Undergrad: 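Let me begin by handing over the structure; questions about it come next.
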Amino acid sequence: MGDEDWEAEIIKPHMSSYVPVFEKERYSSGANGDTFNRTPASSSEMDDGPSGRDHFMRSGFASGRSLGNRDAGESSKRENTSTMGGFGVGRSFGNRGFSNNKFEEGDSSGFWRRYQDGNDSEASGSSRRGGRGGFRGRRGGFGLGSSNSEYEQDEGMQRAGGLFGSRRPTLSGAGNGDTYQSRSGSGSGRGGYKGLNEEVITGSGKNSWKSEAEGGESGDTQGPKVTYIPPPPPEDEDSIFAHYQTGINFDKYDTILVEVSGHDAPPAILTFEEANLCQTLNNNIAKAGYTKLTPVQKYSIPIILAGRDLMACAQTGSGKTAAFLLPILAHMMRDGITASRFKDLQEPECIIVAPTRELINQIYLEARKFSFGTCVRAVVIYGGTQLGHSIRQIVQGCNILCATPGRLMDIIGKEKIGLRQVKYLVLDEADRMMDMGFGPEMRKLISCPGMPSKEQRQTLMFSATFPEEIQKLAGEFLKSDYLFVAVGQVGGACRDVQQTILQVGQYSKREKLVEILRNIGDERTMVFVETKKKADFIATFLCQEKISTTSIHGDREQREREQALGDFRCGKCPVLVATSVAARGLDIENVQHVINFDLPSTIDEYVHRIGRTGRCGNTGRAISFFDPESDNHLAQPLVKVLSDAQQDVPAWLEEIAFSTYVPGFSGSARGNVFASVDTRKNYQGKNTLNTAGFSSSQAPNPVDDESWD
Ligand SMILES: Nc1ncnc2c1ncn2[C@@H]1O[C@H](COP(=O)(O)OP(=O)(O)OP(=O)(O)O)[C@@H](O)[C@H]1O
């Protein structure tokens, strides 16, 4: 079944019997699921802004999918068999379907009362704007142009489409775009997110890229306000330090070759004790269950402690987060940092940016964990949540600010954050942060008034992939004498992931997926697809097949995204269908399988995706469907990634790779080569060691000569 058939498929009446299970405990005051089941979607109260929208989000894909409000009511009474929360909301005719729902009594008004935290005025303000939920019927719209991006970003470019209704359809003037717009009313609804390939031009033809500060999510001038306030993280020590076990291959990390390039690199440390951290930090490390350093930590910690700028590349799941957090915290403690107090303008010492909301939240939780019992206060802010909430978090004090780029720029624009005290700037998933999507915002950040120059601050970049062309941009951010740490092959896949590539044509993919998932049973599995609409579609399909599934992608509300992740983490939904928004950084316990239902367009993306499993010495499996109709361009880089990771390479894949041979190829699908190591040409002083600290001149060099020099 091709793309064009999806909408036909999705509106089959039987599908409306699949309604979501909601996390009743978490939003207990509203008894979501109950409300959902009880409440008929009949009258028109969608004008209720946030609450209407809230219900809209929660009321499930059955509702808006195709049958409008009446079916929403009907389906809500049906057996609650699916665990898929709210996807496809308003998908095709959602505008209508949801503009009439009446869920607020039991559900979201309760939620809002509970979490609004004194922000009724903002909430009602947005209520008065009216009809937000109604317009959101277009979210995720099939064939509506919102979902065809191959890449989803949380901030930056994507917001242009999402916030201002300036998506590709508005350019087309016909077809999907028109349909979409007519269905979604004025198009003023805040609809999801744009992807890398989507246009950033409004219907009026102007470049509409705007940060939240310019009238975006902050809602000063246009569009409804974002009112979601994420629930606070648990405060008890057990939850803060909850962790999963390192796996059987954790000790094998020591055999990975590490190359450090640049001048005067400090020697690696072999133990936490050698880092000479303060007692509180050591206690926190022990409580986190860390007894032994990972390679990237052995090398990065002393480099950062020595005050050097760093670009570090290490395989997925190998502890890069602690590699930067621990030395930064150690510095702060050594400098005798004072507790930051309530102030209207906060001046954090450290700013950490990451490309997705869920990832930055995860980093924040790590920062909170390692700073436990110190006076260092970490704060997280990200898009899709109420701006007022972000501001309230910040003004209470902020030493480490974890942020997605768009929200960060907004807050800076609102003069809640001053940059003069910034000593550490961390770009996690740095290659992503510097690429076309986020690069402009990052450049804005480093040239913001008050931001110390690169000479005055310490800049740290971490990722599992560092394409050569992106490395070349790093000079803008890093001091010229920065050090480069490469743990193993730069851009290489984690060897603890057993990779299988299956040749599956697009018409057979669903059948194969179900077959695999049935064999897998309840083991946690992430299924990656290429577009947002396909994520909805596949998740719906799996629910239909009675496989408990949830989904995460950029067209889902932040609340839905967090709920989906929560459901997946706790095992309530063992299958998570995701777009690339979940490809990077997410550290979820017990993800045993990754399935690439669609291969991504770049090999780096592949490496990140499969890295959601096989973390921290645990083993995992990745199965990828290779469709010769569309994936041949990946054959060569796949062969390279597989062989570098000592995986079996299917003969048919080698054949395709050979037949699509591109002279000069050295590893990647998008022109960027695998940078085997530091791309600076003239550095001196390079040493290659294994992570037990012994010189490995005898050992085979992991460096791919082809792309070096
Ligand atoms: N030294 C250590 N000992 C035990 N566990 C560790 C250690 N370092 C990190 N971990 C754990 O390993 C897991 C993966 O770490 P982390 O998320 O930092 O990986 P990463 O390298 O950033 O991965 P990705 O490239 O996917 O972002 C986390 O659960 C983390 O707590």
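Numbering of ligands and ligand atoms starts at 1, following listing order. Only heavy atoms go into these numbers, but all of them, side chains included; no hydrogens, no water, no symmetry mates. All of these numbers come straight from a predicted model, not from anything done at the bench.
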Undergrad: Show which atoms of ligand 1 fall inside a sub-4.0 Å distance from at least one heavy-atom site of Glu429.
TA: 27 (O)

Undergrad: Considering heavy atoms of the protein only, find what lies nearest to atom 29 (O) of ligand 1 and give residue, atom and distance to 0.1 Å.
TA: Asp587 OD2, 2.5 Å

Undergrad: Provide, to 0.1 Å, the distance between atom 31 (O) of ligand 1 and the closest protein heavy atom, together with that atom's residue and name.
TA: Tyr290 OH, 2.6 Å

Undergrad: Closer than 4.0 Å to some heavy atom of Arg615 - which atoms of ligand 1 meet that?
TA: 14 (C), 16 (P), 17 (O), 19 (O), 20 (P), 23 (O), 24 (P), 26 (O)

Undergrad: Just which atoms of ligand 1 are under 4.0 Å from any heavy atom in Ser318?
TA: 19 (O), 20 (P), 21 (O)

Undergrad: Scan residues 367-381 for pairs that pass salt bridge (charged side-chain N to carboxylate O under 4.0 Å, His left out), counting only residues two or more places apart or in two chains.
TA: Glu235-Arg368, Glu366-Lys369

Undergrad: Among protein heavy atoms, which lies nearest atom 25 (O) of ligand 1, and at what distance?
TA: Lys320 NZ, 2.7 Å

Undergrad: Between the candidates Ile285, Thr321, Leu325, which shows the shortest non-hydrogen contact distance to atom 22 (O) of ligand 1?
TA: Thr321

Undergrad: Just which atoms of ligand 1 are under 4.0 Å from any heavy atom in Gln315?
TA: 21 (O)

Undergrad: Quick one: list whatever passes ring pair (Phe, Tyr, Trp, His ring centres under 6.0 Å) with Phe462, sequence neighbours left out.
TA: Phe324

Undergrad: Gln297: heavy atom below 4.0 Å from ligand 1, yes or no?
TA: yes

Undergrad: Below 4.0 angstrom from a heavy atom of Thr246, which ligand 1 atoms are there? Numbered from 1 as shown, please.
TA: 4 (C), 5 (N)

Undergrad: Report, in ascending order of atom number, the atoms of ligand 1 lying under 4.0 Å from any heavy atom of Lys292.
TA: 1 (N), 2 (C), 3 (N)

Undergrad: Taking only heavy atoms of Arg612, which atoms of ligand 1 are found under 4.0 Å from at least one of them?
TA: 26 (O)

Undergrad: Out of curiosity, is Arg584 lining ligand 1, as in a heavy atom under 4.0 Å away?
TA: no

